[in-house]
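Since the structure comes first, as structure tokens, the remarks are kept for the end.
Letters A, B, ... are given to chains in the order of the sequence lines, protein chains preceding strands, and every chain is numbered from 1.
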Amino acid sequence: MSFKNISITPGWEKYMTKEYQDLVERGPYGKQKKVSEMGSFKEVLEEHPMCAGCAMTLFIRLTMVGLPNPEHTILIGTAGCGRLALTQTSIPFIYGNYGDTNAVASGLKRGLEIRFKDQAKDVVVMAGDGGLADIGFSGVMHSWFRKERFTTIMLDNEVYGNTGGQESGMTERGALLKMAPKGKMFDKMDMIGLAQTSGVAYIARLTPTNPTRVASVVRKAVLIAREVGPTFIQAYTSCNIEYAIPTPKVMDDARDIESKRYGFMEIISDEAKAYLESIEPAKKVKK
Amino acid sequence: MYLVAHIDQAICSETACRLCTQYCPEANTILYDNAAKTAFVAVDRCKGCEICVGICDDLAKHHAIKMIMINDLESPFELSKEGFHPEKWDGKHP
């Protein structure tokens, strides 16, 4: 068996599916598209059953633009809202059981490194705050301590949106929800601090208020995860259903939360910074 | 009957901001005509969330997007019928 990357026999491309041909000819397969070109190229994400005006979908859509090599990426998710859109992408998606996303990703990444020596394969875990900070917490922490080389993206909507509005570890103190009628009594978990303690190479916290920034953060995180070590992105993606945000106000809410408490934060290790500068010497990497 | 986003192409073609294409949560729904320099909506994909209206009014300050009833549209563009062919639609949205 050859360890070379599998490719389509020349001349047989026209027998591939329409979506694949569109993605190669007018999409991001083989050449990275920019956020400023959105609307003019075929996107990796397709039609999906997420709620109208969902900020999480916007974030997922921008993430797909940020991926440096979507054709060589595998997504791993778990139960939650995010997987409804993630399964509608032209990227292999693995539905991990609740709690084992990062364990599956660890094994997958190690396997891919052995199997595909001539091609970097990216593994991206994308799950909600419940899937990563509550139920998948030990898996996440251990993958970080083991320095597994893949990206973990938390879609932090601060609630269990899919099951009716229970509080999660990432819910703000005092937040009133349908299934937390007295308000949450504990503080929001400090996942950024935990990531720093466990030695994650690149940590970012952001809201989807700036599309170009979302794509660039995802791109950096995936590139650093190839060579240096684990990377983590925590993104505020409001649940307009459970927090009763009218859909035209979803972006106002994101800007509001960003300025009040969420902010944009990026922590990059020296090794990761040196690696980014080595592969993209022309571009100045922001601290 | 339901509301979908409609872009006034006379206003939109005067600018080149493309912000609505970046903030729409639906993929390939607000498309861009590079020849006519205007955005337009694939109505079969629009869920009517009005995020683009807020972006166009508050962030871009162009006021080019309005929500209108789908049966009031003169020539609705449906991506499922047309397929993804920018070379066919470029310049056809004056």
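- In this structure, the separation between NZ on B:Lys47 and OG1 on A:Thr57 is 6.5 Å, given to the nearest 0.5 Å.
- Atoms CG and CD, from B:Asn34 and A:Glu37 in turn, are 9.0 Å apart once rounded to the nearest 0.5 Å.
- When heavy atoms are compared at a cutoff of 4.5 Å, B:Leu79 does not approach chain A at all.
- Of the atoms belonging to B:Ile55, it is side-chain heavy atoms, and not backbone ones, that fall under 4.5 Å from chain A.
- Your options are A:Thr212, A:Asp252, A:Leu45, A:Ile60, and the one with the most heavy-atom pairs under 4.5 Å with chain B is A:Leu45.
- A:Lys249 has no carboxylate O lying under 4.0 Å from a charged side-chain N of B:Glu50, or vice versa, which leaves the two without a salt bridge.
- At a 4.5 Å heavy-atom cutoff, A:Phe59 makes no contact with chain B through either its backbone or its side chain.
- Closest of all the heavy-atom pairs between A:Ser36 and B:Arg18 is O-NE, 3.1 Å.
- In this structure, B:Arg45 and A:Glu47 have side chains that are in contact, with non-hydrogen atoms separated by less than 4.5 Å.
- Both the backbone and the side chain of A:Val35 come within less than 4.5 Å of a heavy atom of chain B.
- With respect to chain B, the highest number of heavy-atom pairs below 4.5 Å among A:Leu58, A:Val65, A:Asn240 belongs to A:Leu58.
- At most 12 heavy atoms of other shown residues, nucleotides or ligands fall within 6.0 angstrom of atom NZ in B:Lys37.
- Just one of A:Glu46, A:Lys42, A:Arg61 meets the side-chain contact (heavy atoms from CB on, under 4.5 Å) condition when paired with B:Asn28; it is A:Lys42.
- The shortest non-hydrogen separation linking B:Leu59 to A:Arg255 is CD1-NH1, 3.8 Å.
- Options B:Pro86, B:Ala39, B:Cys24 differ in how many heavy-atom pairs under 4.5 Å they form with chain A, and the most are formed by B:Cys24.
- Of all non-hydrogen atoms in A:Phe41 and B:Phe84, the two that sit nearest each other are C-CZ, 3.2 Å.
- By the 6.0 Å contact criterion, NZ on A:Lys18 is enclosed, its count of non-hydrogen atoms from other residues, nucleotides or ligands being greater than 12.
- Atom NZ of A:Lys34 sits in a sparse spot, with 12 or fewer heavy atoms from other residues, nucleotides or ligands closer than 6.0 Å.
- Only the backbone of A:Pro208 comes within contact range of chain B, with heavy atoms under 4.5 Å apart.
- Across all non-hydrogen atoms, the minimal contact from A:His48 to B:Pro25 is NE2-O, 3.5 Å.
- More than 12 heavy atoms of other residues, nucleotides or ligands shown are found within 6.0 angstrom of NZ on A:Lys31.
- Here the CE-SG distance, from A:Met50 to B:Cys49, works out to 12.5 Å after rounding to the nearest 0.5 Å.
- Contacts between A:Leu62 and chain B at a heavy-atom distance below 4.5 Å involve the side chain alone, from C-beta outward.
- In this structure, the portions of A:Arg26 lying under 4.5 Å from any heavy atom of chain B include both its backbone and its side chain.
- Shortest non-hydrogen contact noted between B:Trp89 and A:Gly39 is CZ2-O, 4.4 Å.
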